[in-house]
Amino acid sequence: MGTLKRSNYCNDLNQTHIGQEVTLMGWVLRRRDHGGVIFIDLRDRYGLTQVVFNPELNAEVHAKAHGLRSEWVIAVRGRVSGRPDGMVNSKLATGEIEILVDELRILNRSKTPPFPLDEDVEVSENLRLKYRYIDLRRPQMAEALVKRHQACQAIRTFLNDLNFLEIETPVLTRSTPEGARDYLVPSRVNAGRFYALPQSPQLFKQLLMVAGMDRYYQIVKCFRDEDLRADRQPEFTQIDMEMSFITEEEIIEVAEGMINRLFQATLNLEVAPPFPRITYREAMDRFGTDRPDTRFGLELTSLTEVVKDCSFKVFKTVVEKGGMVKSINAKGCADFSRKDLDDLTSYVANFGAKGLAWVKMKENGEWQSPIAKFFTEEERKAMAATLGAETGDLLFFVADTPAVVHAALAELRLELARRLGFMPAGSFNFIWVTDFPLVEYDQEAKRFTAVHHPFTAPREEDLELLESDPGKALSRAYDLVLNGTEIGGGSIRIHQMELQEKIFLALGITPEEAREKFDFLLQALELGAPPHGGLAFGLDRLMMILCGRESIRDVIAFPKTQKAGCPMTDAPASVARKQLTELSLRPDWKED
RNA sequence: GGGGUCGUAGUUCAGUUGGUUAGAAUGCCGGCCUGUCACGCCGGAGGUCGCCGGUUCGAGCCCGGUCGGCCCCGCCA
C-alpha cells in the first residue's frame with residue numbers, strides 16, 4: 001500500500017465531503033470503460049463508491065485503470081467531486097458523489113471469479129461454499145454476518161448489565177447417555193478412551209451454579225452428530241444461560257428482555273414482550289405441534305365427538321380404535337383446483353396420513369366432496385357448525401392416531417399458509433410453550449425418555465405421578481417459539497440428589513449407571529447446590545428468521561453441506577496412518 | 001437407513017420421438033467508444049453433457065449402478 005492510508009469506507013462519502021482528498025481501498029465490482037472516461041464501482045464491506053478515471057485529468061493513471069478487472073484489490077487516492085447534473089444515482093448511498101482519481105495502486109490482481117458478484121443470479125450453493133470467501137463479499141451475505149455480530153453484542157451488553165458472567169466451558173468433555181449421537185475425540189495419552197464434544201454445556205453450567213457463580217452465560221458452539229436439515233448443522237451456536245435462586249417467571253422475563261434488545265440492535269424493531277403463552281396441551285390441540293406458527297389462523301378443530309357415531313366407516317372405525325378426527329377450515333379456499341387438492345393429499349402422506357378428505361362448501365350448505373355421500377344431512381350440518389363452515393370454505397379432514405392427525409394437519413396448515421401468503425417477511429410472532437410432559441414413552445427403547453433433558457425438574461404437584469403414571473407428569477420446562485420454529489428452551493433444574501436419582505430411575509437409568517456416568521453431578525447436588533434454572537437459544541435459527549433466510553447456512557460464515565462436509569477445506573479428510581496409530585486406532589476401512 | 005429432486009460452456013439455463021457440427025444469455029479475450037452506473041457497438045475463444053457400465057447402426061436424451069448438491073422422513077435428551 002506504500003504510503004497510502006485508507007481515509008474512508010465506501011459508504012460514507014456524500015455532498016458534505018466534496019473537495020476533500022480521500023483514499024479508498026477495496027475490490028473492483030464493475031468497470032465501465034468508455035475508452036475515454038472509465039468508471040469503477042469500488043466495493044468494501046460497507047458499500048459502493050464510483051471512482052472515475054479521466055484521461056484529461058491524469059493520462060497515466062487512466063491508462064493504468066484500463067487494465068483493471070473484476071475483484072482486483074485496489075487503493076485510490078483522489079478528490080471527492082459532486083456528480084454533474086442529472087448524473088446522480090439515487091439507488092446508491094454515495095450516489096451524489098464520485099472520486100476523481102489522482103493515484104491508483106493495484107494491491108492484488110484476481111483471476112476471473114468463479115461466479116459473478118455483480119448480479120442477482122442464483123449460484124449453486126456448492127460453488128458458493130467452495131469459494132465461501134468470495135460468496136461472503138456479496139452484500140446480502142455480509143449483512144447477515146453483521147447482524148449476527150450486532151445480536152451477539154446486544155446479548156452480551158444486556159446480560160452483563162444484569163450481573164451475568166461469561167464463562168467458558170470445556171470442549172473436550174465426556175460422553176453421556178441420552179440425547180444425540182456424540183462427536184468423539186480419541187485420547188492419545190489414554191489409549192482406548194475418548195472425549196466427546198459437548199451437545200450443550202448443560203452440566204457445566206449447572207455446576208457453575210453450584211459453584212456460586214449465580215448468573216452465567218456463554219455464546220458457545222455445540223455439537224450433535226445427527227443428519228442435517230435446512231435448520232440443523234452438526235456444529236451450531238447456543239446462547240446458553242443459567243441463574244440461581246430463580247423462578248420460571250424471572251427467567252422468562254430475562255429472556256424476553258434479551259430478545260427485545262436483540263431485535264432493537266439488529267432490526268431497530270420492538271417485539272413488545274411479554275410474549276403470549278400456551279400450554280403444550282393447548283398447542284397440540286389447536287395447532288397439532290408444540291411449536292405453533294401464530295402468524296395466522298387455520299387452527300385445528302376436533303370432530304371426534306361429532307363423528308363418532310357417523311355413517312362414514314373410515315371416521316367411525318378410527319374413533320372406535322381410540323384415534324381422532326380433526327379438521328382445518330380453509331376459509332374461502334373452495335376455488336382450489338383438483339390438482340391443488342391432489343398435491344396437498346400427497347403432501348400430507350409424507351407425514352403418515354393415509355388420506356386427506358376435503359369438502360368444498362357450496363351455496364345452501366351443499367357439499368362438493370368425495371365423502372359427501374357417506375354422511376346424512378344432519379351429520380353434515382353438525383360438522384359444518386362445529387367448523388363454522390360457510391359458503392366458499394374448504395374443509396380438510398384427517399382421521400388417524402393422534403400423532404398422525406397432528407403431524408399431518410400441522411404440516412398441512414403450514415403448507416396452506418405458504419400457498420395463501422400468510423407468512424409475510426418482517427413479521428415476528430413469539431409464543432412461549434409451557435407445561436410440557438416430563439417424559440414420553442419410547443416404543444422402540446421400551447422405556448420413558450426425557451422430553452427436555454434428564455435434569456429438568458418436574459412440577460412439585462406431579463412428584464407422585466413419577467412412580468404411578470410418569471407419562472402424566474408435567475415438567476417445569478418452557479420453549480420459546482418464533483414463527484413456528486423453536487428458537488430456545490429451558491427449565492428449572494433438579495437441585496436435589498434424591499429427586500435426580502428418582503428421575504434417572506424413571507428413565508430406566510439404574511443407580512449404578514447413574515453413578516458411573518453422572519457421579520460428578522450427583523456429588524455436586526449433595527454439596528450445596530442452589531435452586532437454579534436457565535435456558536438456551538439457538539443463535540443460528542434465531543438469526544435465520546431475523547434475517548429472513550431459508551437456511552441457517554446463510555447466517556453461518558463457513559457452514560457444512562448436508563453430508564456434513566466443507567467444500568472449501570474438503571473436511572472431513574483422511575489422515576496419516578501414523579496419526580491413527582498414535583491414537584491407538586486401527587482402521588478397518590480400505591485406504592485410498 | 002428411506003423418499004423426492006437436480007447435475008450440459010466460467011456462471012445461469014434451453015436442448016423436440018434417440019439422428020449430422022450441443023445452443024442462448026451473461027461472463028471471459030480482442031477491437032471501437034469521454035458521463036456510465038447490469039454502459040453501448042463489432043468480432044472471437046470457450047463443452048470429458050458429474051462418473052462407470054449397458055441397450056442401440058447411433059445416447060446429453062433410454063436402462064442399471066455410482067458420486068455429489070438441495071428438500072423431506074427417520075434421527076436430532
Take the protein atom [atom1] of [X] and the nucleotide atom [atom2] of [N], then report the distance between them rounded to whole Å.
X: Leu100(A); N: U36(B); atom1: CG; atom2: P; answer: 16 Å
X: Glu226(A); N: G74(B); atom1: CD; atom2: P; answer: 12 Å
X: Leu92(A); N: U36(B); atom1: CG; atom2: P; answer: 15 Å
X: Glu440(A); N: C76(B); atom1: CD; atom2: C1'; answer: 12 Å
X: Asn126(A); N: C70(B); atom1: CG; atom2: C1'; answer: 10 Å
X: Gln562(A); N: C73(B); atom1: CD; atom2: C1'; answer: 12 Å
X: Asp227(A); N: C71(B); atom1: CG; atom2: C1'; answer: 13 Å
X: Leu127(A); N: U12(B); atom1: CG; atom2: P; answer: 6 Å

From the set [options], return the single nucleotide nearest to any side-chain atom of [X].
X: Asp41(A); options: G1(B), U34(B), C37(B); value: C37(B)
X: Asn54(A); options: G35(B), C72(B), U11(B); value: G35(B)
X: Arg30(A); options: U36(B), C28(B), C39(B); value: C39(B)
X: Lys563(A); options: U36(B), G68(B), C75(B); value: G68(B)
X: Gln50(A); options: G35(B), C28(B), C72(B); value: G35(B)
X: Phe39(A); options: U36(B), G27(B), C73(B); value: U36(B)
X: Thr561(A); options: C29(B), C70(B), C72(B); value: C70(B)
X: Pro116(A); options: U11(B), U34(B), C28(B); value: U11(B)

For nucleotides [N] and [M], find the distance between their [atom1] atoms and express it as a whole number of Å.
N: A25(B); M: G65(B); atom1: P; value: 39 Å
N: U34(B); M: U11(B); atom1: C1'; value: 32 Å
N: G4(B); M: G58(B); atom1: C1'; value: 33 Å
N: A45(B); M: A9(B); atom1: C1'; value: 11 Å
N: G19(B); M: C62(B); atom1: P; value: 11 Å
N: C13(B); M: G54(B); atom1: P; value: 32 Å
N: C6(B); M: U16(B); atom1: P; value: 14 Å
N: C49(B); M: U21(B); atom1: P; value: 14 Å

Mind checking who [N] pairs with, Watson-Crick or G-U wobble, both distances under 3.5 Å?
N: G40(B); answer: C32(B)
N: A22(B); answer: none
N: C62(B); answer: G54(B)
N: U16(B); answer: none

Legend entry - Salt bridge present between Lys64(A) and Glu103(A) (N-O < 4.0 angstrom): no
With hydrogens left out and only the distance checked, is there a donor-acceptor pair under 3.5 Å joining [X]'s side chain and the base of [N]?
X: Arg232(A); N: C75(B); result: yes
X: Asn89(A); N: C37(B); result: yes
X: Glu98(A); N: G35(B); result: yes
X: Arg83(A); N: C37(B); result: yes
X: Asn350(A); N: G4(B); result: no
X: Arg224(A); N: C76(B); result: no

Within less than 4.0 Å of OP1 or OP2 of [N], is there a side-chain N or O belonging to [X]?
X: Arg32(A); N: U36(B); answer: no
X: Arg31(A); N: C37(B); answer: no
X: Arg229(A); N: C70(B); answer: no
X: Lys91(A); N: A38(B); answer: yes

Going by distance alone, is a donor N or O of one side chain under 3.5 Å from an acceptor N or O of the other, for [X] and [Y]?
X: Gln443(A); Y: Tyr441(A); answer: no
X: Asp479(A); Y: Tyr280(A); answer: no
X: Ser175(A); Y: Asp182(A); answer: yes
X: Lys326(A); Y: His406(A); answer: yes
X: Gln500(A); Y: Gln496(A); answer: no
X: Arg549(A); Y: Ser551(A); answer: no

Legend entry - Phe115(A) aromatic ring stacked with six-membered ring of U11(B), 5.5 Å and 30°: no
Inset, instruction - Mark this stacking check for His34(A) against U36(B) as yes or no, applying ring centres under 5.5 Å and ring planes under 30°. - result: no
Legend entry - Nearest-0.5 Å distance, CZ of residue Phe53(A) to CG of residue Asp102(A): 10.5 Å
Legend entry - 5′-ward residue of the pair Arg553(A)/Glu56(A) relative to RNA chain B: Glu56(A)
Legend entry - RNA chain B: 5'-proximal contact among Val37(A) and Thr112(A) (nearest heavy atom): Thr112(A)
Legend entry - Within 6.0 angstrom of Arg30(A) CZ, more than 12 heavy atoms from elsewhere: yes
Could you tell me whether [X] contacts a base, only the sugar-phosphate backbone, or nothing, with contacts defined as non-hydrogen atoms closer than 4.0 Å?
X: Asp33(A); answer: base
X: Thr456(A); answer: nothing
X: Pro114(A); answer: sugar-phosphate

